[in-house]
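Working notes, structure below.
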Amino acid sequence: MNLAITTWNINSVRLRFPIVKDFLEAERPDILCLQETKTPDDRFPANDFKALGYLHQAFVGNKGYNGVAVLSRLPFTARDAMQMCGRADARHQSVTLAPDARKAAGITIHNFYVPAGGDEPDPVVNDKFAHKLAFLADMDRWCGSMTPTSRPAILVGDLNIAPYETDVWNHKQLLGVVSHTPIETQTLEKLRADHGWIDAIRTHRPEPERVYTWWSYRAQDWKAADRGRRLDHVWLSPDLGPKLQMTSIHKQARGWDRPSDHVPVTVRLAL
DNA sequence: ATGGTTGTCATACAA
């Protein structure tokens, strides 16, 4: 069977529902992972997703900020929402696919929304940057606590870091900009490699190709300027590496009506 | 060096 998983920082799931619906009807991924839903659980558009076939849902949200959701056509059993850095701020949601999810049974999907980190890349003067670094340290400890029963696993989400030189439009110019500073890029790359995660996007689109998943709202013409960053990621546990079939970055979504500043990223596995 | 935009909720603040 094929398993398709999409990750998308949606920047308000309620405002953006029309384009999410268009995307799901066209692409039909098995699982959609959203970040920045900005919606408390009692106002999450659960029935709208059910009407599209996404019957199995796990989400946590806050009013106006953060929030993650996993919407699935396949059934899942376990679910978990970790309190990263000890905060109940809705930045993680995982599900484990059920025995009747056929060959995908037992795969755990972790959906993360790493803090953006504010403007000043100095943890001493900027609490938000300190939080981002603490969050990465938490992720590192959590990866270290994974056991054979934690796998197979897929980690997706808005990690708010562009780790490689060709993950940004201008490496030198962004070295001091939060999302591409050495402390962030080195910490993320070490965390990924230390725990054996496979960077699915870069497997199919290796450096030096420039690959972006986010374009700022502040550009007059995002497409002409093309000043993007690769902030959204899909990581596979080592056992899933050989199953990776295809990755798609749906760049056209940045040009849709009332777009998110992030575009959907889909991976397909042949199980 | 600076400001540029968007979303939530209706004012600053986060991104």
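Computation of the quantities below employed the complete heavy-atom set of this structure, encompassing side-chain atoms and omitting hydrogens, waters and symmetry-equivalent molecules. Every value quoted in this text rests on a predicted model; they were computed, and no experiment measured them.
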Please report the distance, rounded to the nearest Å, between [atom1] in [X] and [atom2] in [N].
X	N	atom1	atom2	result
Asp119(A)	dA12(B)	CG	P	19 Å
Tyr65(A)	dC13(B)	OH	P	15 Å
Ile161(A)	dA15(B)	CD1	C1'	15 Å
Ile10(A)	dT6(B)	CD1	P	16 Å
Gln173(A)	dT2(B)	CD	P	15 Å
Arg229(A)	dA15(B)	CZ	P	14 Å
Lys128(A)	dA12(B)	NZ	P	16 Å
Asp127(A)	dC13(B)	CG	C1'	14 Å

* Between Asp226(A) and Arg210(A), is the closest basic N to carboxylate O distance under 4.0 Å? ->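 Looking at Arg210(A) and Asp226(A), the cut-off is not met.
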
* Salt bridge Asp138(A)-Arg91(A), side-chain N to carboxylate O under 4.0 Å ->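 No, no charged N to carboxylate O under 4.0 Å.
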
* Base, sugar-phosphate, or nothing: which does Arg227(A) touch, judged by heavy atoms less than 4.0 Å apart? ->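 Since no nucleic acid heavy atom lies under 4.0 Å of Arg227(A), the category is nothing.
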
* Asked: Using a cut-off of 4.0 Å on non-hydrogen atoms, how would the nucleic acid contact of Gln220(A) be classed: base, sugar-phosphate, or nothing?
  ->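 It contacts nothing in the nucleic acid.
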
Please state the [atom1] separation for the pair [N] and [M] - nearest whole angstrom.
N	M	atom1	answer
dA10(B)	dT6(B)	C1'	15 Å
dT2(B)	dA15(B)	P	23 Å
dT5(B)	dA1(B)	P	22 Å

OP1 or OP2 of [N] under 4.0 Å from side-chain N/O of [X]:
X	N	result
Lys63(A)	dT8(B)	no
Ser12(A)	dT8(B)	yes
Arg16(A)	dG7(B)	yes

* Asked: Of all the nucleotides listed (dT8(B), dA14(B), dT5(B)), which has the minimum atom distance to the side chain of Tyr217(A)?
  ->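 Of all the options, the side chain of Tyr217(A) is nearest to dT5(B).
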
* Sorted by first residue and then second, give each salt bridge (Lys or Arg N to Asp or Glu O under 4.0 Å) pair with at least one member in residues 258-271 of chain A; sequence neighbours left out. =>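 Only Glu27(A)-Arg268(A) qualify under salt bridge (Lys or Arg N to Asp or Glu O under 4.0 Å).
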
* To do: Step through the shown structure and confirm whether more than 12 heavy atoms of other residues, nucleotides or ligands are within 6.0 Å of CZ on Arg43(A).
  =>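 It does not: Arg43(A) CZ has 12 such atoms or fewer within range.
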
* Asked: Just checking, is any N or O donor in the side chain of Asn111(A) or Gln93(A) under 3.5 Å from an acceptor N or O on the other one?
  ->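 No.
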
* Closer to the 5' end of DNA chain B via nearest nucleotide, is it Asn11(A) or Tyr113(A)? ->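 Going by which nucleotide is closer to the 5' end, it is Asn11(A).
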
* Hey, which of these two, Gly118(A) or Arg258(A), hits DNA chain B nearer its 5' end, going by closest nucleotide? ->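 Final value for this comparison: Arg258(A).
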
